[in-house]
Every structure is written in structure tokens, then in C-alpha cells.
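Notes follow the structure.
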Number of protein chains: 2
Amino acid sequence: MSEPRDTLFRYLTMLQLIPRFPGRIATPVLKEKLAERGFNIDTRSLQRDLSQKLSTQFPIGCDDSQKPYRWYFDRDFQCQLPALDVPSALTLVLAEEYLKGLLPPVVVGQLSPHFTDARKLLDDMSANGLSQWARKVRAIPNGKALIPAEINEATWQTISQALLEQKAVDVIYLSRTSHSEKAFTLHPQGIVSRHSATYLLAHVDGFKDLRQFALHRVKQATLSQQPWQEQHDFDVDEYIKGGAFGYRQGPSDVVLEADIAKPVAWLLQETPLSDTQSIEALPDTDGWYRLTAHVPDDQQTLWWLMGMGPNIKVTAPHAWRETIKTNAEQMLAHYAIESSSSS
Amino acid sequence: MSEPRDTLFRYLTMLQLIPRFPGRIATPVLKEKLAERGFNIDTRSLQRDLSQKLSTQFPIGCDDSQKPYRWYFDRDFQCQLPALDVPSALTLVLAEEYLKGLLPPVVVGQLSPHFTDARKLLDDMSANGLSQWARKVRAIPNGKALIPAEINEATWQTISQALLEQKAVDVIYLSRTSHSEKAFTLHPQGIVSRHSATYLLAHVDGFKDLRQFALHRVKQATLSQQPWQEQHDFDVDEYIKGGAFGYRQGPSDVVLEADIAKPVAWLLQETPLSDTQSIEALPDTDGWYRLTAHVPDDQQTLWWLMGMGPNIKVTAPHAWRETIKTNAEQMLAHYAIESSSSS
DNA sequence: GCACTTGCGACATTATATGTCGCAAAAAAG
DNA sequence: CTTTTTTGCGACATATAATGTCGCAAGTGC
């Protein structure tokens, strides 16, 4: 069945089977995988291809310390097949700027070959014209950028692999309360990335309840021998809505009614709160508008409203209005006490 | 010089020269570009390669309505050369979730082949084990996700190209104030993506001042015949610090001092405000801590502090303390008036 | 120590890639 | 509208590269 469906295509397949550096693949394994894909080829040819063709034209390395040689791609090599175009490269640069504040460095690092590729393309473009794109493009994150928690690279790889391949993991975990390291066997059910921290949702071996484990407190992780315990019908959205991350969400949307100042009105006209929002000018006010919108009944919307400070006056739902009012009272109380005691 | 440096490599080069769909490349152009890269090959060979080898093995199309045939890749085809590994695929999924709330759909769409690729890999993995990764992985954005403003795809492509290639653009722009469409020739100097809206910084032809143009209000954009006007020493960071986007920043960092409640202390221990922060327990309080940190003197930090509401009590800098206090007073005033007038 | 696997040089054979030529159809130029 | 140029394509001969086979040496595992 070794139809000459082209050497090119076989090479391409080989290149796709060779993993990036931390990984490696032994020659006989490669031969088998190629056979699975319909390339029945002699071992000798494979050896020749690897050592004479591919590794001379591509940044491919070979670990020849053991006898079934193992092959791998250079850590930072990347090759898009339809090459990157300019708009995509620009998008990647923007994406990287945003993600740097949202995901741990190691996780973003996982994508660094892509970003490097994009920057190289832009650099090449600028080479002639000195366009200095780096001084022209910027992403402003949505809120204050906290410094993302550091995660160990091997941890991320092991945990993500375990989650997707449905395996248990043995971890050494630094508990938040006791400051002591403990060993657990965990059965991963989900991953949630929130703000700048990333959490694994998992059962501890032998227990039925789901717990959160901050990935940056995982000191070490290895795939476990234990069989994986599944929680049937786990749904991360349900879990989040249940309030586990401080984002409790009511069962249905609510109707938000508020008076908003002009800057907020402009903002919302361009990037609406929801599909159904309406904004109408209020007569006899100095640039105030009436906002009505169906929004989810969640913490984030409430925080957004509070973040707008005096530029927004919520009238409904009543519960939000009261929360905001109480909040302001408490804040003021803090400062009133403070100033009387300190001055 | 037509060294047989391998057909494989030439094919690879050809594949990289063929653009993704909206783009296309004519056979003679391809020949020329190949020659530039050292592949001196006969036209006939090129034709054979394209029509018999590449287009049968790859999703490559050909526009044969005009005589110099034009070749292009399928719109959604993607081929990573070291194939995606599992951790990278998971990272891409998380990245997409975050970016969907941060960049206009069209811009994220620019990267969709990458994301599709990642999802396909995860699907394939789950095929046997039914791991349903889609129900296991979630990113919770930092703040309220407003609906990103829609941008026309062609607009994004034209504008990004113009910016990087230092060309002027003719646009039809819907001005915010007058609600009327106007035609301008713009000289792009930078792009800023903020929250969910993206802005072009450019000179209007014939003027010296820099203005902001929201990309979602650009109705049409084409590369202009006008030569591009450069602004010397333009630096987008300087521009932003100048306060143009409401993010005025003081010249130097300030020392933040505040009392924080336990939940905030925990948050900041994991994702610090800055490299130099210190948190110490306050005696005789019910779980309050003293925070000291060097932070930038900018709007975003201030907003973040205000967002923490009664869980944080700022003592220094004095200006921030006063701003927060005034803010709370104004908010309370709103609701006091409101409740007395309405009830 | 022994069977087994793996890498590699050499060689013959097959398969493939490449340039050349001629023709036809389509653009471009006049 | 005609002429010239460009482009695509089938055919063919030839050079070139790719592939399987064999033998040997060196490592690996029992």
C-alpha cells in the first residue's frame, strides 16, 4: 500500500509527529506511527530521512545517548503553514499584551513560539522602513493588572495532560492555611483561570467533595498510578455559578435601571452591557442618561457598577441599589473614623 | 545556482509563499519570489508542482478565471510544524476565552485557525475517553465583560497593513458627535486596544495634531495614494501616559499604604500588586492587615482600590484617600437624594 | 554471554523530478 | 481587429533522487 502518495507528504507527516523539545520520539515509534497513517516505509529510509534530510534543513535535534535514537524539534522553532499575514501578526502582538497580565508567565510561554513568530514578521517588515511597530501598538488591560502567580512549567504540563487524558495526579501541595507541604493524589475535574491565578478543581483521593487547588501552590506533580475517579455530570459553568469563585449568579437575568453620566453613556454606546440595552437622554439634567438593560445577576456586573462610582445611579434592582448604598456608607465610615482618630 | 538543496525545502517555501484565502498569488510572481530565495526553477516545474503535487495534497485553491492563475490556501487551513501539544492546546483555549471579551470578534477571528486547531486536537483526544474538555475549562475575565464593538474585517486588514507599511489610508468615518459620515485621509501612527474597543491614532491629512479614531466607526478603509506623513519620535506609551485614554500617570511611583481585610490580603499574597509589596497582620483587629507597596501613580490602580470597596482603607497617598472619600460621599449623596425624593 | 535491536555505509533498482519543445488559448499591445 | 506576448499544459528524454536490501558493528536487555 506504499502508494507514492508523495514523499513530500510523508516528510510533512514526520515533521508533525516529532514533538517540540521537552518531548522526543524514538525512531521505531515514529516508524510505527507512520505506518498507522499509511506510510509503510523501510526503517532504513526513515533513518536516512531523519539524519540526512530533515535534521539538515530543520532545527531538529537527536538524542543519541541511548540506542533507539530520539528526535525532537528545537524548543522555539515554529512554522505556520500558510505563513502569517500582517493583520494576524498584529493581532497576536495585541493578544500577547493582554494575556501577559491574565495568565501565568509559564502558560503564556507555552505560546511564545507563536508570538515570537509574529514579532519576527513585523520586525522583518520594519527592517527597511524603520517602522518601529513596537512603539505603535499597545493593549490597555481592563482593570488593574496584578502580577500573575508563578506556576512551575512541569506542573502546568502534567496537570493539563492529566485533566485531558483523565488521569489522576500525585501532587505536593503547599496549603494556604497551614503553610506546610502535603502530598495528595488528585482526580482532576476542571481548570479555572480567574484574574491572574489558575485553579485546578479536583477530588482528593478517597473523598467525594470537589476542592480548589491553586496551581502556583503545587510544588510538584506527577501522573499517578491510581485510576481516575470521575464525577459524573461535572460542569464547570454550574460550579462557577454556584458561587465557588465569588461569582454567584442568580438563576435568571435581571433588569438593570440606572441614571448614567455622559462619559458612561458614551462608553456603553460603543461597548454595550448587553444586546438589549437602551440609553435615553434625561431632560433637565446636565448630560445624564437613563439606562435600561437585561444583565446577568452576577457579582461581576455589580462590581462594574460600583467601579463607575458617582457616574452611575442604580435604581433597580432594589437589592443592588441597597448593596451599593451600604457599600458607600461603610467606606465613608472607615474614613470618618480614620480622620477623626488621626487628625 | 539551482543546487538541489532538496525539493522538500522548495515545496515548503512555496507553501509559505501562498497566502490564505482573501489573498492570492500569481504563478509568475511565485516563480520570481522563489528565485529570490535561491530556487531557480523552470516555470513548467512550478506549474506542475502547484497543480499536481500541492493542490492535491493540500487545501489549496486556484482562481483560473484569468490567465495568470492565482493560488491561495483555504481560508481555515492551518498546519503547525511542530504539531500542537496538549498543554499548548489547553492554553490556546483559555487564551481564546479571555480574548473574546477583549478584542473585537473580527480580530479574534483572525486567529481562529489557531484556536480551531487547538479545539480539534482536544476533541480528538476526547474521542475515545469522552473527556468533554469543553465542560472542564473556563476563564473568568477580570472585570465585567462588555460586548466588544464590531469591526469590519476589511477595515482591520487595511488599517493594520497601513500602520505597519507606513501608508496613508482613505477612510469613511462616522463621527461620534455629528452622526454624519465624513471622508478623511489618515496617516496612522499607532493602534491602542482598550477594554473592548480599538482605536487608531492618526493625523488627518494636512493637520499636525494626533486624533483618535474608533475602528468600529470606520465604515470603509482603502490604502491611499497620498504619501505617509510621519510624526517623529511618536511613542504610544508616552501618548497613553499623557492621559489620552483616561489613564493619566504620574511621573513616578507612589507608596501605597492601606489597611486591608482578610480576603484582600489573601488575594494579594497570591497575585501581588507589585514586586515590593509587604503585608503584615494588624494586632487587635478582626483579621485586618497592613499593606505597603510601591505602585504606579495611575488611574487603574486607583480604580482597583475603589473596586475593593469597604475591604480596603487607604491611608496614603493622601490624594488617593481624599479621592476615594469624595467618591463615596458623592455616591451616597446620589442615593440619599434618590430615596428621599422617590419614597 | 547471547539473542535482539538499532544505526549506517554501499549498491542496484525503481521512481521521480526537471528542462525542453510544441501547441493552444488567453491577455496585452498595437 | 490584428499582432505579439504571456501562460498553461501534454509529451518526452534525462538526470537525479528515493527506496529496499544486505552486511557489519555497536549498543540493549535478559
Side-chain angles (χ1 to χ4, degrees), chain A residues 1-19 23-73, chain B residues 1-19 23-73:
Chain A
M1 200 58 91
S2 78
E3 303 180 27
R5 50 192 292 203
D6 216 9
T7 341
L8 164 65
F9 212 57
R10 195 187 68 232
Y11 285 152
L12 248 294
T13 312
M14 285 173 56
L15 289 172
Q16 288 207 290
L17 287 171
I18 298 174
R24 52 248 278 284
I25 189 168
T27 321
V29 180
L30 232 180
K31 176 173 153 64
E32 199 176 323
K33 297 225 171 191
L34 279 173
E36 277 174 22
R37 277 148 224 246
F39 298 103
N40 284 81
I41 203 180
D42 194 86
T43 308
R44 184 71 192 96
S45 294
L46 182 59
Q47 292 172 344
R48 257 192 304 249
D49 292 344
L50 285 166
S51 63
Q52 282 163 43
K53 310 236 72 167
L54 300 190
S55 67
T56 60
Q57 304 282 9
F58 291 89
I60 284 179
C62 176
D63 170 13
D64 54 359
S65 63
Q66 311 175 55
K67 212 40 188 294
Y69 289 3
R70 281 127 215 278
W71 302 86
Y72 53 86
F73 260 107
Chain B
M1 200 59 89
S2 78
E3 303 181 26
R5 50 192 296 204
D6 217 7
T7 339
L8 164 65
F9 214 57
R10 195 187 68 232
Y11 283 152
L12 247 294
T13 312
M14 284 173 56
L15 290 172
Q16 289 205 290
L17 287 171
I18 298 174
R24 51 249 280 283
I25 188 168
T27 319
V29 180
L30 232 180
K31 176 172 154 66
E32 200 174 323
K33 297 225 171 193
L34 279 173
E36 277 173 21
R37 278 148 223 247
F39 298 103
N40 284 83
I41 202 179
D42 194 86
T43 309
R44 184 70 192 98
S45 294
L46 182 59
Q47 293 171 343
R48 260 193 301 247
D49 291 344
L50 286 166
S51 62
Q52 283 163 43
K53 311 235 73 168
L54 300 190
S55 67
T56 59
Q57 305 282 10
F58 290 90
I60 284 179
C62 176
D63 170 14
D64 54 359
S65 62
Q66 311 174 61
K67 214 38 186 301
Y69 289 4
R70 282 128 213 279
W71 302 86
Y72 53 86
F73 261 106

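In what follows, chains are A, B, ... by sequence order, proteins preceding strands, each numbered from 1.
Judged purely by atom type and a 3.5 angstrom limit, A/Ser55 uses its side chain to pair as donor or acceptor with the backbone of A/Leu50. Checked by atom type and distance alone, the side chain of A/Lys31 pairs as donor or acceptor with a backbone atom of A/Ile41 at under 3.5 Å.
Between B/Phe39 atom CZ and C/dA17 atom P there is a gap of 15 Å when expressed in whole angstrom units. Put simply, CG on A/Asp42 is 18 Å from P on C/dA12, counting in whole angstrom units. The distance between atom CZ of A/Arg44 and atom C1' of C/dA12, rounded to the nearest whole Å, is 15 Å. B/Lys67 has its NZ atom 14 Å from the P atom of D/dT6, to the nearest Å. Counting to the nearest Å, the C1' atom of D/dA17 and the CD atom of A/Gln52 are 12 Å from each other. If you take CD1 of B/Ile41 and P of D/dT16, they are 14 Å apart, rounded to a whole angstrom. Distance CD (A/Glu32) to C1' (C/dT5): 14 Å, rounded to an integer number of Å. What separates CG of B/Leu46 from C1' of C/dT20 is a distance of 16 Å, to the nearest Å.
Residue B/Arg10 places none of its side-chain N or O atoms closer than 4.0 Å to OP1 or OP2 of D/dA17. Taking 4.0 angstrom as the limit, A/Thr7 places none of its side-chain polar atoms (N or O) nearer than this to OP1 or OP2 of C/dT16. When the side-chain nitrogen and oxygen atoms of B/Gln47 are compared with OP1 and OP2 of D/dG8, one or more of them lie within a distance under 4.0 Å. Residue A/Lys53 places at least one side-chain N or O under 4.0 Å from the OP1 or OP2 atom of D/dA18. For A/Ser45, no side-chain nitrogen or oxygen approaches OP1 or OP2 of D/dA18 to under 4.0 Å.
Taking only distance into account, the side chain of B/Arg48 never meets the base of D/dG8 through a donor-acceptor pair shorter than 3.5 Å.
For the pair B/Ile25 and B/Leu17, the tightest heavy-atom approach, listed with the atom from each and the gap, is CD1-O, 3.8 Å.
Two residues, A/Gln66 and A/Tyr11, neighbour DNA chain D, and the one matched to the more 5' nucleotide by heavy-atom proximity is A/Tyr11.
Nearest nucleotide to the side chain of B/Thr27, out of D/dG8, D/dT19, D/dT7: D/dG8.
Among the protein residues, B/Lys31 comes within range of no part of the nucleic acid, since none of its heavy atoms lies under 4.0 Å from any strand. As judged by a 4.0 angstrom heavy-atom cut-off over every strand, B/Thr43 is placed among residues making no nucleic acid contact.
With rounding to the nearest 0.5 angstrom, the OH atom of B/Tyr72 is 11.5 Å from the CD1 atom of B/Ile18. Here the OG-CG distance, from B/Ser45 to B/Asn40, works out to 11.5 Å after rounding to the nearest 0.5 Å.
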